[in-house]
Amino acid sequence: MRRLETLYRRRMIRIDQLSKVYEHGGTRSVVLDRLDFEVGPREIAAVVGKSGAGKSTLAQCVTLLERPTSGSVVVDGVDLTAASEKGLRTARRAIGTIFQSDGLFSRRTAAQNVALPLDYLGVTPAESKARVAELLDRVGLSDKADHYPHQLSGGQRQRAGVARALALRPRILLSDEATSGLDPESTRSILGLLRELRDDLDLSILLITHEMDAVREIADTVARLEVGRFTESGRVVDLLQDPTSRLGVDLQPHRASARAADGQEYLVVTYGRADVPTDWLVRASAELSAPLALLGAAVEVVDGVTVGTVTVGVVGDVERARRVLAELGLLPRGPVGAASAEPERGAAGSSASELIDTAPLDPTLEVVA
Amino acid sequence: MSNSNLVPVDQIAGLVLPALGDTIIMVGITMVVVVAAGVPIGALVHNTGRGGLFEQPVVHTLTGWIVSLGRSLPFLILMAAIIPFTRLVTGTNIGIAAAVVPMSVAGIAFFSRIVENALRGVPPEFSRVARAAGASRLQVIRTAQLAEALPSIVGGLTINTIAMIEYSAIAGTIGAGGIGYVAVTYGYQRFDTRVMLATIVILVVLVALVQFAGDRLARRLTPRLRFASRVSRDVPPARRSRVAA
């Protein structure tokens, strides 16, 4: 029994064979199709997908705001799918939810909004007041306590939303498109806040988003939801280093590269290992005794590992250049989509060709000055 | 001056003012009943509908029908039709008490729709926020629905109150007293233009006052309107320019 308990404890969120089917009249639409998913303690797990993929339904099923058709949702050892309506209210306190931008009640001040979960719980006003002050301070909004939502910027409103989600000291944060619609600076600051909270409060975070930048910025793992199925998942760094991963490719920023000079051929390579030497361009050029031209690059450090994709112009033997670069850890980008699994049964209406985006770093694109 | 039945000028106030008091009492009692019953009924109709907190299509349709029935009858007909019920409740079918019953029935149907409509205007996301924060259904209705819809409900309450003043005048014709009764018996039946004018002036002022008070209250309950002047100062420049663009 104890072993079973510790087993459960290891996973903050465990989703087993979760399905959600809507039936309206004669039509039956499968929104979530037997999903399995886990979020470990102190882990930031992202679920990405286009709109209509079932992301928000998944978010609502995790807190049982929507009742799944079948399957189970186990949060911090409690099976929510088996809980009564009253039991659910207790269990939901373990999950703090941050909603997209405007989840703040318009007739309450920032402080009153943050106090909501405490009010529902029946906390005494004095206790509530102290806790709210602490929370607002935590998210850097102490000076805006008495402001109404319309008097706050988008980023400040979302900070209040984060503070409210933290009110009942949850162990898990569920961020449902929390940074969508925010300007880049606010997005960065909210993501920074989330990471800080994970580190300070030992939270697990489930990040539901369509923004790949946010995933690269803070997520440890990522799974792609496509028409109700997870089509690809893994650690963010692993996916970024895998040139054959479609999700890995999509996670990277899409940038145009310069046009190659006459006689040069394009080669697109991905940082495939953690130990790629920083002077690889010089080394490879020396090895090939012909300088490689740098035509385009999107390189950054994620989780302490340099990742990214580089487009180089090669003169002469392209195969040899490919080999030399591969030895240095720069893997040629394979046919995009080759490694990703086809959506399985139930993913009606999806076709592989439709899902593959236009290849990023398209060498034929010109740099827009 | 040829009509000897005219009320002397110095007695008009003595005739009209107590009638005004009766009207205010009638409308006041009615509105207390209307709010007490209309808010829960409106919330029930809203939340039994699709996407509501307790989806119950049968209950939703049934309550919707009952409310519509109450709304569809002209007040004069409704008043006559429910006389047995009125007598059962008040023991009489004339006077203020008897008028309050049909006015309340009509008012509740009216106000239920106003509340339902106001709740429909609240983003459904608020209910999700409240539920995710651990609210019971009653807490969701109170904090995420009614509280957010309050300015709009107060606006509807104003319209409702004015309609009730009008209904009280109709009720006056069957002997309920009040301003309507005076207008009809003196102004209309006895061609006393001065009394008629006095009642008109009083009704206009009364309606204007109710409207003014309702507007003010609705504004006070809406932070965005209450602090309108502070918005431009607090919104960062980046947002402002985006709005302008």
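Here is how names work: the chains are called A, B, and so on, in the same order as the sequence lines, proteins then strands, and each is numbered from 1.
- In this structure, chain A has no heavy atom under 4.5 Å from any part of B:Ser127.
- Heavy-atom distances place the side chain of A:Thr97, and not its backbone, under 4.5 Å from chain B.
- If you measure heavy-atom distances from B:Arg142 to chain A, you find no contacts under 4.5 Å at all.
- B:Asn47 and B:Gln145 share a side-chain donor-acceptor pair at under 3.5 Å.
- For the pair A:Gln60 and B:Arg128, the minimum side-chain heavy-atom distance is below 4.5 Å.
- For A:Leu64, the part sitting under 4.5 Å from any heavy atom of chain B is the backbone (N, CA, C, O) and nothing else.
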Would you check, one step at a time, whether the test side chain to side chain contact (heavy atoms under 4.5 Å, CB included) holds for B:Val105 with B:Leu78? CA-CA 9 Å; B:Val105 170; B:Leu78 177 84; 4.3 Å; yes
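- Listed by chain and number, the residues in a side-chain contact (heavy atoms from CB on, under 4.5 Å) with B:Phe212 are B:Arg216 (sequence neighbours excluded).
- Between chain A and the residues B:Thr143, B:Thr222, B:Val140, the largest count of heavy-atom pairs under 4.5 Å involves B:Thr143.
- In this structure, B:Arg71 is positioned above the aromatic face of B:Phe110, its NZ or CZ under 6.0 Å from the six-membered ring centre and within 45° of the axis.
- Heavy-atom distances place no part of A:Glu185 under 4.5 Å from chain B, backbone and side chain included.
- Residue contact with chain B, scored on non-hydrogen atoms closer than 4.5 Å, involves the side chain of A:Leu168 exclusively.
- With sequence neighbours left out, B:Glu166 forms a side-chain contact (heavy atoms from CB on, under 4.5 Å) with no residue at all.
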